[in-house]
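Presented below is the structure to which this report refers.
To find a chain, count down the sequence lines: A is the first, B the second, and so on, and within it residues start at 1. Values below: all heavy atoms of this structure, side chains included; hydrogens, waters and symmetry mates excluded.
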Amino acid sequence: MSVTARIAIGWLYLVLCGCMAPEGYEPHVPEGDPRQGREVLAELECGVCHVIPGVPGARGRVGPALADYKRNVYIAGRYPNDPDILTRFVRDAPSMSPDTAMPAIEMSEAQARDIAAYLYSL
Amino acid sequence: MPSWIHKPSWVHKPTRKIVLLVTGAIALVLFGALGAAVVLLSGAYSTAATTQHFKITHRLLDAGLRYSVRASASDIQAPILDEPHKYEQGAACYRLHCAQCHGAPGIAPDEEGRGMLPIASNLAQSAREWPAEWLYYVTKKGVRMSGMPAWEFRMSEESLWSTVAFLTRLPSLTRAEYAQLSQYSAQLECESAEGAEMQASEDRTKIVFRQYACHSCHRIEGVVGPKSYVGPALVEWSHRKYLAGTLPNNEENLVRFILDPQAVRPHSLMPKLEVAPAHARQMARYLLELE
Amino acid sequence: MSEQHVQSVLHSAPGSGAELLEELGMVLYVGAALIFVVVMGLLLHAVFSRRLRASARAWVIGGGIVFPAVTLFVLLTYSLAVGSAVSALNSGTALQLLLNCFGIDSNARIPPPLPGTLRINVVGKQWWWEVRYRAADGELRNVPLANELRIPVDEPVELMVSSGDVIHSFWVPSLAGKVDMIPGRTNRLVVRTSEPGIYRGQCAEYCGGQHALMALYVVAEPRERFYDWLRNQAQPARAPTDPFLRSGYDAFMQGRCPECHTVRGTPAEGTSGPDLTHIGGRHSLAAGVLKNHIGTMAGWIAGSQDVKPGNLMPDSEIHTGSQLRALAAWLESLE
Amino acid sequence: MTAPAHGLPNSLPRPPGELQQLESVWEPPKGWRILSAVNNTWIGLFYVGAALLFLVLGGILALMMRLQLAVPENDLIDFDLYNQLFTMHGSVMMFLFAVPVVEAIGILLLPAMLGARDLPFPRLSAYAFWAYFVGGLVFFATIFFDVAPDGGWFMYPPLTSFEFSPGLRSDFWLLGIGFIEISAIAGAIEIVVGILRTRPPGMTLDKMPVYVWAMLIVGGMIIFGFPPVILATALLELERAFHWPFFIAEQGGDPVLWQHLFWLFGHPDVYIIFLPAAGLVSMIVPTMAQIPLVGYRWVVLAIVATGFISFALWVHHMFATGMPHLTTSFFSAASMAVAIPAGIQVFAWIATLRRGRVQLATPTWFILGFFGIFVLGGLTGVMLAVAPYDWQVHDTYFVVAHLHYVLIGGMVFPVFAGIYYWAPFVSGRPLSERMGKWACGLMFGGFNLAFFPMHISGLLGMPRRVWTYSDTLGWDIWNLLSTIGAFVLAAGFFIALLDLLLHLRPAGKVNVNPWNAGTLEWLPLDNYGVRSIPRITSREPLWDTPSLREEVDRGQHYLPNTVTGHRETIVTSPIDARPEYLLKLPGPSWLPVLAGVGTAAFFLFLTVKMFVASALGGIVALVSIFKWLWKSEPAPTAKLYHIGEGIELPDHASGSKSHSWWAMVVLMLVDGSIFASLVFAYFYLWTITQGWPPAPFDIPSLSWTVGCALLWSLSSLLFAIAKVLLRKAASRAAICGVIVSAILCVIAAFATNMHTFTTANVQPAEHAYGAVIYALLAWQGLHGVLLALMGSYTIARLIAGLLDDRRRNTFDNTRLMWHYSVAQGVVALAVLQVPRLFS
């Protein structure tokens, strides 16, 4: 692209959306429904320990804040942050990281997927 | 006066000039800002290391460096540099830490060093033209926006001056002389900065975080760095109940974890950075004060 | 939890005093709406019409005195009857109702307890509820509990409410009107319902910082289940059954927990916090603020000051991650 | 001086220069010196402006709360700030807006409505204003320093006592609000005495405009209604500062005592706010319908009845405290009964509108808005009076909705109707009709959108004063609607206030009657008020005598000039308004400003425990007050002044004819009410305590008590002797001697009283019994100090030659207070001995 063309596009950006940052990695959870996930997070009151944007009352600071979760590189400081691992981790953290403070919370596989999907939508 | 500027009746002549000037200045600033935004957002400004700086940019940066170093180094008094063995000691440091980018008589910089922009200057020339104090200052503090790190956190004070002692001799060395010196110095070590003096000021702590490259993985309140999501963000840390997901968050535990992460959590991806204990405590205290 | 938690004047429990009050409310809403519409009609007609006759006698005396006086007299009589009926839930003979209508029995709101009536003491504290059953299963026993009431259906239950610090107000709108909990006084409230269910209540008198986070649940159950439950509540806590729970028990005892909490059957005998002997069986934690499961339990123990800032329970601060999980698991096992 | 008796209107030409002299005497200070103005026209304007400022400030607090509650589990405002916000919102709106604004409007309108040049105590009004304004601003500023009170506007102990509210927050409320109440009482004295004594000749009680009636009754209600809360704040502050346990259950006190005292004030307060507004409606409705008010006598009767009944309702705020059935039944009936006088007024207004042809201007729209909102608020009020229903909705958002319906509907809408109606009276031209209608529409729509949903959220179980709520309770949508409504309402207020800022320019000279009203405030006015004071023969003089405006403006009625060369007005008899004497009024002065600021400084520095600064403030206030009093009774001249129609008046009166005697009597009523509240507290605590005095405490010794009573009585006797001496023109030295002995007697009496306490086994900090009897003692001590000050001041005037048998208002007032204090002291002593009868 010529510099002129680029500058023209720059103008367009400026007019259309102010400043738009380039998109990053978008993890995808198969069969995960982010909207359901938010409900589950609220229902299970995960906000007691985590700050979770979009979930009412989620202002706990026992565990890490979950804003921008998809950008996190690792889970629990030891696993790569990918959909499968996250789905397992939200259901049963102690089995993957025995010294963690996060208990295994009773939920279905589907609910865990929804939660992961929601976290990745943040 | 251009005809399209409508002249309001309340504007008196001298006032009118001021109004025009001020309006013009504001318009100029706005246009400038808008232009800069366009250039930035369009990607027209290239960040590739293959595109060279404009000549003017380079000259300006270069001049800026000189003036800044001159002003900052004015208080420094060099010790006696031609003590016996001092420059040999310095040669060891040079071989270990500097030659990779700066090269040496008859020796080119390494692969990494050759591709740098701006290119690391050849120190034979610098040493000819700059007084020892300037060399010391640049070595100690590093240079912003170039690849030059601050060596005060990596070399002891003694080693810094030895290196300067070596640098003052550098312009006079032949290829053979350097090769000989280099070979001789291979048996010497360059003393590292462990136990360097600490000041408990907050600014100092921020420097400590940066010099251990903490901010390459963590976003740290008060430390400017990349938006990194490798490790957890270190913000509002005093409210956090747990660190590393398992230890109660307090000063002792933080120090313990920073010094040896794997001792606390064997699988942790956080590397052991050989942090000086005093530095670790300083970091822990800083974090626990973040509201 | 899937049960519907109701906290509404408009959803009274069948057979409760609140049901009578809901009826009374309906009469009031309809009456008020009618009067409002008529008065507004008269007003607008008066404003937008040409000059009309309007005698002072008809309007001021008729509309302003006779009409309200008659309406209010009827309303007062009716409301006194309802009030007496609500107050006299457990002893409502027709005669007494009639007497109460005319305010003769000034004790109506505090009728003498019938022998064998279940009596529960509830003490409001900043910001939770201390509950004490007087279980009469052969012998009279004190069963201290917290933040949750269970009552048998179809049986009047006598609540004796008071306060341990500032003024609170006990209000479970689906069961009954509110009654203040005042230091130095004990008020009496009789509740009854004929339908099992879970009813939510909330402190209704401003009681300081976290007044908003002081709720409780009332669980109405069939008699049999209720008395089973009560018998169970009177028992001491079960001993931990596996090493993990055991480590949770140890974490509890090593921490500062026993200074404030009692777990009957263990050395923990603190009294300034809620009794935890059967905490795992309750519907909520932190006085109706959190649902009760291992995750909220762990979060509450580690971060109670974030959940309910200013409450008397400090963040745990000493338990490691696995200790915290074990501690939460142990408490959850205390059903 | 003789003048020909000539009937009114006197069509003889007025002498030249007369008007100029009148103008120059009443010339207001120029520029920023206007702040030293004391006449009620100016003070009234300042007062209304300040009250509106507090309306805006209190409104901003409300908007912040609504933002927090807009969505469930909101994080915008934390609980600590929220609790301060609602406490401050309630306190600011009730104490810094509602009560002051009704008094302010009274002070602004009454002189004109009464055809008086001014009310009798201009400097008292100025003092009341400055104390209120400075104190109010500082009180409000506490929110910026995180020390704003957070106990709710009715401050129930024990939450607000030292144990559960350490720190300064509650103290700011108790001391700040406490003294603002004192300023309200000062305003009430001015209003009551003004209405009773400065009416125009011929305006008998039954010819007073309804608004004037309302203000008279309200003045009376303030006099009896505020004392209980003044006492309550004093007791709670004593508990906080010295741990005297009036409200601590474990030590024999009772938190419910506070509730009784507070609502004994709090419920009349609602009518103190509502009745003047109803009075405004009774003025605007007839004008807009161009027909006299239907059922004037009934409406007046309704106002009087409301005034009385309002003192019998307070317990309906306490239905949930576990009252006996009989008590709730009685108060339930009384609370319903108050709907009857309200009904009378509503139907009288509707009948008036029916008879007339209604002009649909902005004030009318506000009045219609008032009807819609107030009637609904009244109906929910009846619901709340039904005790069993109240058990459900008490302390929920239903109550929040109700109280805003009656307060905003019943007071704010009429006030804004009044602002639009009387703006021409202030500035000679109306406000913008277009902005006014927009404002009214937005306020009405916004109000209902904000507050109607609160009925529903309340019924759905939402308690008041919660800083957050869960999203599982179904309250979300109603709260969101309320928040949106609140902002629409705010937009309405904004437009109305903008209209005021843009279009209200107070003018000295005003000659308009844009709505063709019938009452005196629409006579042509200048800084001196009316040019001549009319003789009144009917309720709507401007309708019944169409030429009256012109006659008055030409100086054809009473007092078309300044006969004494000072600011002056006619004082008339309280019932039938016969002219009695000319009252010389004081001119502009900085003293009331200084005194007001000093008083505010005294209380506020006391709050933050800066005792030296506080004492300095107190001294500044005292010195200023004495300085202004010193000149307050100028030497009477022997001559009589002709005011027209052959009537000749002296320029001085003493004894019960003097306006200052009336003010003193009113002050004593206030004083007596505070004392009565304290005695009530004593007997109340008795009823809830096992054994009185509770073991092991003593009743103070009987014999010493008798001695003390004798000493009190002796001092009274001495003062009576001083009066005889003064009448007989005895030597100054003799009179001074007698007064000094009286003072010494008082000191001795108090010392004896102290002795009986210190020798008995009773301490104030151990049990409520000790606390309350020490409070009685302290009250007598305070009166001792007061008598000593007043006695010394009397002596000083006597020595300075400013006091003699004719010029003796200072002496009379001191004498009144003396005998009153002695009687009170003796009653207090007797009260303490009553338990002996039962032991």
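In the displayed structure, D:Trp478 atom CH2 is contacted under 6.0 Å by at most 12 heavy atoms of other residues, nucleotides or ligands. For D:Trp475, the CH2 atom is densely surrounded, since the number of other residues' heavy atoms within 6.0 Å is greater than 12. Atom OH of C:Tyr78 is surrounded by more than 12 heavy atoms from other residues, nucleotides or ligands within 6.0 Å.
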Before giving the answer on side-chain contact (heavy atoms from CB on, under 4.5 Å), spell out for C:Ser49 and D:Arg357 the whole-Å C-alpha distance, their side-chain angles and the decisive distance to 0.1 Å. CA-CA 8 Å; C:Ser49 63; D:Arg357 197 161 160 196; over 6 Å; no
Between C:Ile167 and D:Thr321, does the side-chain contact (heavy atoms from CB on, under 4.5 Å) criterion hold? Intermediate values first, please. CA-CA 10 Å; C:Ile167 300 177; D:Thr321 53; over 6 Å; no
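Side-chain contact between D:Asp254 and C:Arg185 is present, with at least one heavy-atom pair separated by less than 4.5 Å. Contact check for D:Met462 versus C:Gln202: no side-chain heavy atoms found under the 4.5 Å cut-off. A 4.5 Å side-chain heavy-atom check between D:Gln345 and C:Val60 finds every atom pair outside the cut-off. Using a 4.5 Å cut-off on side-chain heavy atoms (C-beta onward), D:Phe164 and C:Gln126 make contact. A 4.5 Å side-chain heavy-atom check between D:Asp395 and C:Trp171 finds every atom pair outside the cut-off.
When heavy atoms are compared at a cutoff of 4.5 Å, D:Ala387 does not approach chain C at all. If you measure heavy-atom distances from D:Gln84 to chain C, you find no contacts under 4.5 Å at all. For C:Phe48, the part sitting under 4.5 Å from any heavy atom of chain D is the side chain, from C-beta outward, and nothing else. Using a 4.5 Å cut-off between heavy atoms, C:Ile182 contacts chain D through its side chain alone, with no backbone atom that close. For a residue to count as touching a neighbouring chain, one of its non-hydrogen atoms must lie under 4.5 Å from one of that chain's; by this rule D:Ile248 does not touch chain C. The contact between D:Phe86 and chain C is made entirely by side chain atoms (from C-beta outward), counting heavy-atom distances below 4.5 Å. In this structure, chain D has a heavy atom under 4.5 Å from the side chain of C:Ile61, while its backbone stays farther away. Contacts of D:Thr364 with chain C are absent, with no heavy-atom separation under 4.5 Å from either backbone or side chain.
Between the side chain of C:Lys178 and the backbone N or O of D:Ala320 there is no donor-acceptor pair closer than 3.5 Å. Judged by distance alone, the side chain of C:Gln7 and the main-chain N or O of D:Gly461 form a donor-acceptor pair under 3.5 Å.
Ranking D:Ile291, D:Val375, D:Thr327 against chain C, the residue ahead of the rest is D:Val375, based on heavy-atom pairs under 4.5 Å. Interface summary for chain C: among D:Gly378, D:Gly295, D:Ala351, the most heavy-atom pairs under 4.5 angstrom belong to D:Ala351. Per-residue heavy-atom pair counts under 4.5 Å with chain C were compared for D:Pro463, D:Ala249, D:Ala289, and the maximum is reached by D:Pro463. Heavy-atom pairs under 4.5 Å with chain C peak, among D:Leu459, D:Ile344, D:Val294, at D:Leu459. Highest contact tally toward chain C, considering only D:Asp78, D:Asn83, D:Leu353, is held by D:Asn83 [criterion: heavy-atom pairs under 4.5 Å]. If you tally non-hydrogen atom pairs under 4.5 Å between each of C:Cys203, C:Gly184, C:Gly64, C:Ala176 and chain D, the highest count goes to C:Gly64.
With rounding to the nearest 0.5 Å, the separation of CG in D:Leu379 from CG in C:Leu34 is 10.5 Å. Between C:Ser169 atom OG and D:Trp391 atom CH2 the span is 12.5 Å, to the nearest 0.5 Å. Taken to the nearest 0.5 Å, the CD1 atom of C:Ile35 stands 11.5 Å off from the CG atom of D:Leu376. Residue C:Leu10 holds its CG atom at 9.0 Å from CD1 of D:Ile456, rounded to the nearest 0.5 Å. Within the model, atoms CZ of D:Phe79 and CG of C:Leu213 stand 9.5 Å from one another, a figure rounded to the nearest 0.5 Å. We find the CD-CD distance between D:Gln392 and C:Glu22 to be 9.0 Å, quoted to the nearest 0.5 Å.
A side chain to side chain contact (heavy atoms under 4.5 Å, CB included) with D:Val386 is found for one member of C:Val27, C:Leu24, C:Leu72 and no other, namely C:Leu24. For the side chain to side chain contact (heavy atoms under 4.5 Å, CB included) test with D:Val382, the passing option among C:Leu76, C:Leu28, C:Leu75 is C:Leu75; the others fail.
Of all heavy-atom pairs between C:Ile65 and D:Ile340, the closest is CA-CG2, 4.1 Å. In terms of heavy atoms, C:Leu80 sits closest to D:Ser329 at CD2-OG, 3.5 Å. Summarising the geometry of C:Ala46 relative to D:Val358, their closest heavy-atom pair is O-CG2, 4.4 Å, with the distance given to 0.1 Å.
Below 4.5 Å, heavy atoms of chain D meet heavy atoms from C:Glu205, C:Tyr206, C:Cys207, C:Gly208, C:Gly209, C:Gln210, C:His211, C:Ala212, all part of residues 205-212 of chain C. Residues of residues 153-163 of chain D that come within less than 4.5 angstrom of chain C, heavy atom to heavy atom, are D:Phe154, D:Tyr156, D:Pro157, D:Pro158, D:Leu159 in numerical order.
Counting only residues at least two apart or on different chains, no side chain to side chain donor-acceptor pair (under 3.5 Å) pair has a member in residues 53-70 of chain C. Residue pairs meeting the salt bridge (Lys or Arg N to Asp or Glu O under 4.0 Å) criterion with at least one member in residues 326-352 of chain D: none, sequence neighbours excluded.
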